[in-house]
Amino acid sequence: MFMDLHMHSSYSDGRNTPEEMIEAAAGIGYEAVAITDHVWRTSDWVPAYAAHLEALKERCRPRIRLYSGIEAKVTSLDGDIDADPSFDALVDLILGSIHRIPKTGGYWSKSDREKAKKSEIIGDWLQAFYGLLQNPRVDIIAHPLSELNGFGVRETDLPMAEITDRIAASGKILELNVRYNTPDQQVIRISADKGAVFLISSDSHAVPDLIANSRLVREYMDKEHFRIVDIDRYLSFRTSSSP
Ligand SMILES: [Zn+2]
Ligand SMILES: [Zn+2]
C-alpha cells in the first residue's frame, strides 16, 4: 500500500490543518495516511484531536484511508514516553521517538559532547532505545538512531548485531524516515534480514514537504526489498490481542 503514516498538523508544530494534509495526501495518490501530532503528558487537547480525526475518517473513506496517531518522546532511560496513558485508547498508532538522549536525572545536551566520553552517551542511548523497544504502548519506532548524529556517533561505534537482534525480536514496526534519512542502510539491511517489519514515512510538517517527500517514499518502496507492514492486519491483530 502506498502510504505515509507519520506527519504533523497544526495541532502541534505542523503548518497545515489535518484536512489540508489529508487532501494533499489524497491528491498525491496515497492510499492511506496517518496524522501523528507531537504530544506531551499534559496535552489536554488529545481527546478533541482524536475525535476530530475519527470524524474525518468517515469523510475521507471513499478517497483515502485515515489513521489517527500521536508521536511521543522518550523521557527516561527506561523508555517511558511523554504521553498520558489515557491517550492510548484514543488513537490507532503510537509512535515512540528519542528526540533527546536521556541520562540519569535529565538529558544529554550538545554541550556535554565535549565533556563526556562517547561511550557514556552511547550506553545511555542503548538503554533508552532498548527500553523503547520493550515499551508495550509503542507501535512504531520513529526515526530510529537519528538522535545519535548530533553526538558524532557513527554506526561503527555501535553494537550493530545486538541492536538489530533487539529490533527484530521486539516486534515493533521500524520507521524508515525520509526526512532524517534514517536509519542507515546497514541497520535496515541487517534488521530486515532478521525479520524486522518496516514503514516508510515522511514526517512532513506542511503540504509542500508532503508533496516533495512523497517521491522519496515511492523511491524507497520501489528500491528496497524489506517487508513493509500490512497496517490493517497489524491493527486488527493488536486489537484482538489486547485485553
Ligand atoms: Zn520526531
Ligand atoms: Zn515527527
Side-chain angles (χ1 to χ4, degrees), residues 3-18 20-22 24-25 28 30 32-43 45-46 49-50 52-53 66-76 79-84 87-88 90-102 107-110 124-125 128-129 131-133 135 137-151 153 167 170 172-184 187-188 198-214 216-217 220 229 231:
M3 60 187 176
D4 186 351
L5 303 188
H6 183 169
M7 70 189 64
H8 301 279
S9 78
S10 45
Y11 273 94
S12 63
D13 61 351
R15 272 189 281 140
N16 293 95
T17 62
E20 289 165 342
M21 294 301 273
I22 296 160
I28 290 163
Y30 278 121
V33 71
I35 305 290
T36 56
D37 272 300
H38 300 284
V39 299
W40 295 263
R41 209 168 289 268
T42 52
S43 300
W45 47 267
V46 170
Y49 162 79
H52 182 182
L53 294 181
L66 171 64
Y67 299 98
S68 59
I70 53 176
E71 178 180 4
K73 293 166 287 295
V74 165
T75 55
S76 74
D80 292 331
I81 53 171
D82 198 358
D84 192 88
F87 300 165
D88 297 11
L90 302 177
V91 292
D92 300 317
L93 297 166
I94 297 186
L95 281 58
S97 56
I98 301 181
H99 280 195
R100 292 186 292 166
I101 300 174
Y107 297 94
W108 289 98
S109 68
K110 299 279 146 67
D124 282 351
W125 176 81
F129 186 68
L132 180 61
L133 289 175
N135 188 329
R137 298 176 61 196
V138 172
D139 301 297
I140 297 164
I141 308 297
H143 50 77
L145 284 76
S146 64
E147 55 286 347
L148 291 168
N149 294 336
F151 292 93
V153 175
I167 289 170
S170 71
K172 300 295 187 208
I173 300 165
L174 199 68
E175 179 182 274
L176 198 165
N177 186 299
V178 304
R179 178 172 179 234
Y180 291 96
N181 193 21
T182 188
D184 66 49
V187 176
I188 294 169
F198 287 85
L199 243 174
I200 305 166
S201 302
S202 77
D203 205 351
S204 295
H205 284 66
V207 164
D209 297 343
L210 187 66
I211 293 167
N213 289 330
S214 67
L216 292 167
V217 173
Y220 272 110
V229 69
I231 196 70

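Quick note: residue numbers are just sequence positions, from 1. We count ligands from 1, going down the list as the structure has it; atoms in each ligand are counted the same way.
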Could you pull out the atom name of the N/O/S atom in Asp203 that is nearest the Zn ion (ligand 2)?
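Restricting Asp203 to its N, O and S atoms, the minimum distance to the Zn ion (ligand 2) goes to OD1.
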Is a donor on one side and an acceptor on the other found under 3.5 Å between the side chain of Asn16 and the backbone of Met21?
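Flag not set: sc Asn16 to bb Met21 has no pair under 3.5 Å.
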If we ignore hydrogens and angles and just use 3.5 Å, is the side chain of Ser9 paired with the main-chain N or O of Thr17 as donor and acceptor?
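Absent.
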Taking Ser97 as the fixed residue, which of His38, His6, Glu71 is the one that meets the side-chain contact (heavy atoms from CB on, under 4.5 Å) rule?
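With Ser97 as partner, side-chain contact (heavy atoms from CB on, under 4.5 Å) holds for just one option, Glu71.
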May I ask you to check if any N/O/S atom from Glu71 comes under 2.8 Å of the Zn ion (ligand 1)?
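For Glu71, the answer is yes, given that an N, O or S atom comes within less than 2.8 Å of the Zn ion (ligand 1).
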Within 2.8 Å of the Zn ion (ligand 1), is there any N, O or S atom belonging to His38?
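False for His38.
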For Ala24 against Leu210, the heavy-atom pair lying closest together
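Closest approach of Ala24 to Leu210: CB-CD2, 3.9 Å.
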So which heavy atom on Ser202 is nearest to which on Val217, and how close?
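Smallest heavy-atom distance, with atoms named: CB-CG2, 4.4 Å.
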May I have the angle between His8 NE2 and His6 NE2 with its vertex at the Zn ion (ligand 2), rounded to 10°?
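Rounding to the nearest 10 degrees gives 100°.
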Suppose we only allow N, O or S atoms; which atom of His99 ends up nearest to the Zn ion (ligand 1)?
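So the atom name we want here is NE2.
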